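Everything on this sheet refers to the single structure shown next.
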Protein chains: 4
Amino acid sequence: MAARPTKKPAAPGRTASRSVGRGGADLRRRLLDAARRQLVQHGYVHLTMRRVAARVGVTATAIYLHFKDKDDLIHALIDEGMEALQLALEASDERAAPPRARLEGLCRAMIEFGVSNPEYYEIMFLLHPQRMSRYPTDKYRRARHNLERFADAVDPFVKKGDPLMATHALWCLLHGIISLRLAGRLDSSLDPDEFTDEAVTRGLRMLGA
Amino acid sequence: MAARPTKKPAAPGRTASRSVGRGGADLRRRLLDAARRQLVQHGYVHLTMRRVAARVGVTATAIYLHFKDKDDLIHALIDEGMEALQLALEASDERAAPPRARLEGLCRAMIEFGVSNPEYYEIMFLLHPQRMSRYPTDKYRRARHNLERFADAVDPFVKKGDPLMATHALWCLLHGIISLRLAGRLDSSLDPDEFTDEAVTRGLRMLGA
Amino acid sequence: MAARPTKKPAAPGRTASRSVGRGGADLRRRLLDAARRQLVQHGYVHLTMRRVAARVGVTATAIYLHFKDKDDLIHALIDEGMEALQLALEASDERAAPPRARLEGLCRAMIEFGVSNPEYYEIMFLLHPQRMSRYPTDKYRRARHNLERFADAVDPFVKKGDPLMATHALWCLLHGIISLRLAGRLDSSLDPDEFTDEAVTRGLRMLGA
Amino acid sequence: MAARPTKKPAAPGRTASRSVGRGGADLRRRLLDAARRQLVQHGYVHLTMRRVAARVGVTATAIYLHFKDKDDLIHALIDEGMEALQLALEASDERAAPPRARLEGLCRAMIEFGVSNPEYYEIMFLLHPQRMSRYPTDKYRRARHNLERFADAVDPFVKKGDPLMATHALWCLLHGIISLRLAGRLDSSLDPDEFTDEAVTRGLRMLGA
DNA sequence: CATGAATGAGCTTTCATTCAT
DNA sequence: CATGAATGAAAGCTCATTCAT
């Protein structure tokens with residue numbers, strides 16, 4: 001029933017979502033939400049099936065009605081994350097704006113996403129793919145899509161040299177900012193927001209803007 | 001290198017004694033090496049005492065002769081890593097060189113270190129401190145020391161603005177480059193070395209060099 | 001008896017269901033019984049979850065479905081014991097009988113209980129409370145209740161002096177008798193029953209009866 | 001006090017016992033002392049070889065030079081305890097005193113011993129013999145000797161009935177008093193010393209005194 | 001007389017997962 | 001659609017004990 005179609009297309013979130021009455025219904029949704037919360041609170045390792053289930057108010061067994069196994073659950077989470085990021089970037093991508101403003105907006109949106117969705121960011125970019133039983137690589141395509149949006153915005157600035165490389169460099173900077181902030185590894189004397197401002201400015205300069 | 005001599009002052013690696021059974025007094029070294037390897041292969045959680053011991057050819061109990069507990073083992077690893085990085089940076093820090101060359105050298109050394117010591121890099125910068133039982137914060141001082149070296153090299157380039165922030169921005173870029181490479185999340189069409197070159201160049205430009 | 005119905009209200013022991021594998025819902029009961037037996041055989045420390053489980057024919061893990069942890073299991077045992085003793089004393093407390101007969105009956109019942117329920121007696125009175133992770137003190141209230149029954153029966157005999165002290169003295173005698181018998185520390189040339197008779201008689205005389 | 005000869009008569013531990021300088025010498029003595037202290041602090045179970053050794057400042061291995069195994073150590077402790085009790089009773093046994101005073105003195109000495117040597121008392125009378133690998137029963141002979149002293153003192157009071165039984169009854173009372181006190185199971189509203197007085201008085205009355 | 005290094009058995013506990021209902 | 005009962009594997013750790021030195 002709707003609630004996040006098992007795999008592909010249309011509806012984001014929950015579509016019709018009529019029955020939320022109390023028990024049954026979109027359990028899948030609630031499981032994912034609980035899992036996401038656990039993820040950020042206790043980290044990947046301590047995301048246990050039992051706890052997720054308990055938080056939602058069902059038995060651990062119930063999870064297996066909706067997900068093949070723990071990895072499947074994580075994969076679904078990654079999917080969601082990818083989609084969420086895509087939406088976030090799309091929403092703040094002002095194609096009509098002047099190139100510099102557009103790119104700056106995208107950068108800020110990216111950082112904003114990472115910082116305010118640490119759970120997603122973690123599984124999307126921090127989890128070593130080798131360490132979770134094979135996340136189907138085609139799923140990463142959506143990730144590439146996001147990168148392409150950046151490439152598109154970066155393009156106007158790159159006169160000489162490979163635009164792809166330039167994009168990647170920017171991407172690295174953004175990733176560095178986000179992940180160090182998430183890990184609490186940024187000097188505590190730095191004001192996070194102020195630093196973000198400066199880092200983005202420098203990021204643009206890096207591209208020659 | 002880096003070794004971290006605790007008992008045997010002399011030879012780092014494993015001396016001559018190739019012994020495995022009793023008598024292998026350099027067991028500590030071998031345990032650390034095995035643990036480091038496990039860490040990068042399976043991650044923090046799945047670095048198990050049993051596996052580490054087995055890989056070295058001893059019982060799990062034997063580990064406890066050299067390390068108080070799992071955390072102690074990890075901490076020792078971090079210590080080693082910190083020292084190794086410090087040495088690596090020190091070795092390639094040509095203070096006498098022109099500012100630009102010096103900074104570029106440091107950046108390259110940093111990336112080189114991260115890429116060729118994934119085990120160390122991971123525990124040093126990717127592990128959430130909250131998630132491993134408190135690593136004595138004073139140990140992080142060495143980390144700050146490394147950052148300060150960068151700050152020192154960055155200084156000449158920053159005419160206006162906070163040099164600390166500039167340094168951190170560069171640090172973020174470097175961290176992004178390393179961690180994405182380690183996670184295999186960099187576009188496969190990119191030549192790693194070439195990209196490193198370009199990224200470093202852009203990094204310098206970011207600072208106004 | 002005493003049973004401690006938690007799930008199945010009816011039959012104590014093990015009902016009809018002799019089942020061992022799945023389905024044996026009275027596993028809790030069987031675990032408690034096994035634990036009790038282990039306790040008297042090997043003592044508190046060597047009462048291991050593994051052994052208890054094995055004796056019953058399940059995995060150690062299964063215990064944790066019924067008891068939070070080892071202490072929880074022990075506590076449940078104490079509870080049962082307290083209840084059993086209370087019932088035993090109540091059953092043989094003939095309030096209507098002449099004071100001497102009543103008190104004598106209680107003494108005999110107490111000894112009888114201790115001697116024929118060594119497992120219970122041990123955890124109830126021989127275990128140092130400091131040495132088992134805090135048994136909720138309110139649970140000891142039932143113990144006091146038993147003592148009060150004795151105090152009530154002792155009262156008529158104590159003309160002068162503190163009845164509480166007299167009761168405790170009697171209690172000490174009874175405890176001494178039971179625990180030395182349980183530990184096999186009573187001279188083997190003594191006939192246990194005969195000795196009990198005499199000791200009780202002397203106990204009453206101790207009170208002035 | 002001779003240091004407790006290893007087994008039988010002649011040479012006590014170290015013979016001349018000259019060197020107590022610092023390290024070596026009467027290690028055996030110090031081990032026993034440490035063990036006894038551990039016993040009372042952490043209980044029988046947590047009396048570990050390692051801890052005992054550490055407390056004394058030697059390796060666990062060193063213990064095995066002086067004791068066959070853990071049981072042997074405990075046995076030695078029991079021996080000491082028996083001897084200590086014997087000495088304590090002997091010291092306070094005023095054979096010349098009037099019967100009542102003599103017996104009362106013995107009772108008090110016994111209680112005093114138990115209460116102030118909980119470590120000894122525990123292993124001597126509270127440890128189930130079945131649970132420690134066979135303590136040579138002949139060692140218990142010394143225990144019997146102590147009992148006989150009581151029997152001797154009790155004798156004058158027993159006009160009718162078996163004096164042995166009477167003695168045992170008294171013994172039970174004393175044991176009850178001591179063990180309940182040690183276990184902290186005596187009503188906290190009772191003043192220990194006062195109670196001891198009363199209990200002893202009643203104990204004598206129990207014998208007809 | 002004593003150590004340092006190591007073992008092997010065992011402990012409690014937790015986890016993902018399954019199966020019958 | 002969901003549960004309750006159970007499993008098997010594994011984890012971190014501790015203990016008594018031994019052996020070579």
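Chain A is the first sequence line, chain B the second, and so forth, proteins listed ahead of strands; every chain is numbered from 1. Quick caveat, the model's predicted, so the values are computed rather than measured.
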* Asked: Reckon D:His46 has a side-chain N or O less than 4.0 Å from the OP1 or OP2 of F:dC15?
  -> no

* Asked: Rounded to whole angstrom units, what separation is found between the CZ atom of B:Phe67 and the P atom of F:dT14?
  -> 15 Å

* Does the side chain of B:His42 reach to within under 4.5 Å of the side chain of B:Thr48, using non-hydrogen atoms? -> no

* In whole angstroms, how far is the C1' atom of E:dC1 from the CG atom of D:Leu31? -> 12 Å

* Structure fact -> note: A:Arg30, atom CZ; F:dA2, atom C1'; distance rounded to Å ~ 12 Å

* Heavy-atom distance under 4.5 Å between the side chains of C:Leu32 and C:His66, does that happen here? -> no

* Asked: Between B:Ala76 and B:Phe67, which heavy-atom pair has the shortest distance, and what is it?
  -> CB-CE2, 3.8 Å

* Asked: Which listed nucleotide (F:dC13, F:dA10, F:dT7) is nearest to the side chain of C:Arg50?
  -> F:dA10

* Under a 4.5 Å cut-off applied to non-hydrogen side-chain atoms, are A:Gln38 and A:His46 in contact? -> no

* Structure fact -> By salt bridge (charged side-chain N to carboxylate O under 4.0 Å, His left out), D:Asp33 pairs with (sequence neighbours left out) D:Arg29, D:Arg36

* What does A:Thr61 touch in the nucleic acid at a heavy-atom separation under 4.0 angstrom: a base, only the sugar-phosphate, or nothing? -> base

* Structure fact -> 5'-most contact on DNA chain F (nearest-nucleotide basis), D:Arg51 vs A:Val58, goes to A:Val58

* Asked: Side-chain contact, heavy-atom cut-off 4.5 Å: A:Leu77 with A:Glu119?
  -> no

* Structure fact -> D:Lys70 NZ to F:dA16 C1', in whole Å, measures 8 Å

* May I have the distance from B:Met49 (atom CE) to F:dA9 (atom P), rounded to whole angstrom? => 23 Å

* Structure fact -> Which of E:dA16, F:dG12, E:dG8 is nearest the side chain of B:Thr59? It is E:dG8

* Asked: How long is the line joining CD1 of A:Ile63 and P of F:dT3, in whole Å?
  -> 10 Å

* For B:Leu47, answer base if it contacts any base atom (sugar-phosphate contacts may also be present), sugar-phosphate if it contacts only those atoms, and nothing otherwise; contact means non-hydrogen atoms under 4.0 Å. => sugar-phosphate

* Asked: C:Asp69 has a side chain; which of F:dG12, E:dT13, F:dT17 sits nearest to it?
  -> E:dT13

* Is there a side-chain polar atom (N or O) of C:His66 under 4.0 Å from OP1 or OP2 of F:dG4? -> no

Show every donor-acceptor pair shorter than 3.5 Å between a side-chain atom in residues 52-64 of chain B and any protein atom, with sequence neighbours excluded, or say none if there are none.
none

* **Distance, rounded to the nearest Å, where A:Leu65 contributes CG and F:dG4 contributes P** => 14 Å

* Asked: Could you spell out the base pairing of DNA chain E in dot-bracket, with Watson-Crick or G-U pairs whose two distances are under 3.5 Å, [ ] crossing and | to another strand?
  -> .||||||||||||||||||||

* Asked: Should B:Ile74 and B:Leu47 be marked as a side-chain contact (heavy atoms from CB on, under 4.5 Å) after you check the CA-CA gap, both sets of side-chain angles, and the distance that decides it?
  -> CA-CA 10 Å; B:Ile74 302 280; B:Leu47 160 62; 3.2 Å; yes

* Determine the contact category for C:Thr48: base if any of its heavy atoms lies under 4.0 Å from a base atom, sugar-phosphate if only primed atoms, P, OP1 or OP2 are that close, otherwise nothing. => sugar-phosphate

* Looking at D:Arg28, does any N or O in its side chain come under 4.0 Å of the phosphate oxygens OP1/OP2 on E:dC1? -> no

* Gap between atoms NZ and C1', on A:Lys68 and E:dT18 respectively (whole Å) -> 13 Å

